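What you see is a predicted model, and the numbers here were worked out from it, not measured in a lab.
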Amino acid sequence: MPTTLLAFLGACTLIAASPGPSTVLIIKQSMHSRRSGFLTVLGNETGVFIWGVVAAFGLTALLTASEVAYDVMRVVGAVVLVGFGIQALRQARRVKGADDGFLEGAPKSGWHSYRGGLLLNLANPKAAVFAMSFLPQFVPEGAPHLPAMVGLAALWAVYEVGYYGLYVWFVGRLKSVLSRAGVRRRLEQVSGGVLLLLGVRMALEG
């Protein structure tokens, strides 16, 4: 069991280290505040746990079996990514406006940050399929399948909270640099462009 857990945590580290939409969103939100970044992490990991539980009950098999259901989720996920990308580009314009003497909009609520992380994860059909293929590999032989899968999903989510929390902390440490309007605007533009490209790619891929 300890060997299995070590292998599982190692795999979780590799997964978290792979750049993706969630990483981009977490870093983007962390530029606003550590609270916003951490709540985005919690929302994302809530989605990770939900997909893990869904996989434990075998429901993600329905998604992979139905091409229509998968395509619907893929399109929804693409729309969500594009929406976040446009939001980031609009934020970059507001930062420029603030630099020119105009007031920037009011800060978003904590619920907004949490919901964003959750929505981005749940709208990604790849996250569902990945959970279904990833978690069963680490269920110990002879262990009850359902409790073991749910336990691994919970461990996966908690571990990633700690991992992505380091991103939030690191961005917070650079706040004096990132708070400069020019730097902040450029980072918002980059993150918005990346999210837009990821959304377009998701929409076009089969």
Notebook entry, point to check: Does V158 share a hydrophobic cluster with M149, counting links as ILVMFWY side-chain heavy atoms below 4.5 Å and allowing steps through other members?
Noted result: no

Residue pairs passing the salt bridge (Lys or Arg N to Asp or Glu O under 4.0 Å) test with at least one member in residues 129-139, sequence neighbours excluded, are none

Applying side-chain hydrogen bond (donor to acceptor under 3.5 Å, both in side chains) to N124 and not counting sequence neighbours gives none

Review point. Is a side-chain N or O of R74 found less than 3.5 angstrom from the main chain of M202, in a donor-acceptor match?
Key: yes

Is there a side chain to side chain contact (heavy atoms under 4.5 Å, CB included) between Y114 and T46? Walk through the geometry before answering. CA-CA 9 Å; Y114 177 84; T46 301; 2.8 Å; yes

By ring pair (Phe, Tyr, Trp, His ring centres under 6.0 Å), Y167 pairs with (sequence neighbours left out) Y163, Y164

S33 meets the side-chain hydrogen bond (donor to acceptor under 3.5 Å, both in side chains) criterion, sequence neighbours left out, with none

_Within the structure provided, determine whether F134 and C12 are in side-chain contact (heavy-atom separation under 4.5 Å)._
yes

I'd like to know if the side chain of Q87 pairs up with that of R90 as donor and acceptor (distance under 3.5 Å, no hydrogens or angles considered).
no

The complete set of salt bridge (Lys or Arg N to Asp or Glu O under 4.0 Å) pairs with one or both residues in residues 14-34, sequence neighbours excluded, reads K28-E188

Mind checking whether I15 and E160 have side chains closer than 4.5 Å, heavy atoms only? yes

Exercise for the section: Could you check if a side-chain atom of L155 sits within less than 4.5 angstrom of a side-chain atom of L5, using non-hydrogen atoms only? Expected result: yes

Look at the side-chain heavy atoms of Ile, Leu, Val, Met, Phe, Trp and Tyr, link any pair under 4.5 Å apart, and say whether V54 and L146 land in one connected group. yes

N/O donor-acceptor pair under 3.5 Å between T40 side chain and S36 backbone | yes

Members sharing L14's hydrophobic cluster, built from side-chain contacts under 4.5 Å between Ile, Leu, Val, Met, Phe, Trp and Tyr, are none

Contacts of S191 meeting side-chain hydrogen bond (donor to acceptor under 3.5 Å, both in side chains) (sequence neighbours excluded), chain-then-number -> none

Sorted by chain and residue number, the side chain to side chain contact (heavy atoms under 4.5 Å, CB included) partners of V161 (sequence neighbours excluded) come out as F38, V41, L42, E45

CG (L174) and CH2 (W169) are apart, to the nearest 0.5 Å, by 9.0 Å

Residues 5-25 vs side chain to side chain donor-acceptor pair (under 3.5 Å), sequence neighbours excluded, gives T13-Y159, S22-N44

Taken to the nearest 0.5 Å, the spacing of L119 CG from L25 CG works out to 9.5 Å

Sorted by chain and residue number, the ring pair (Phe, Tyr, Trp, His ring centres under 6.0 Å) partners of F84 (sequence neighbours excluded) come out as none

The complete set of salt bridge (Lys or Arg N to Asp or Glu O under 4.0 Å) pairs with one or both residues in residues 127-156, sequence neighbours excluded, reads none

Note: with side-chain heavy atoms under 4.5 Å as the link, the other cluster members for I86 come out as V82, L89, L196

One should read off an interatomic distance between I50 CD1 and L118 CG, to the nearest 0.5 angstrom, of 5.5 Å

Note to self: Main chain of F8, side chain of W156: is a donor-acceptor contact present, judged purely on distance under 3.5 Å?
What the structure shows: no

**Prompt:** Taking side chain as C-beta onward, heavy atoms only, is V150 less than 4.5 Å from F49?
**Reply:** yes

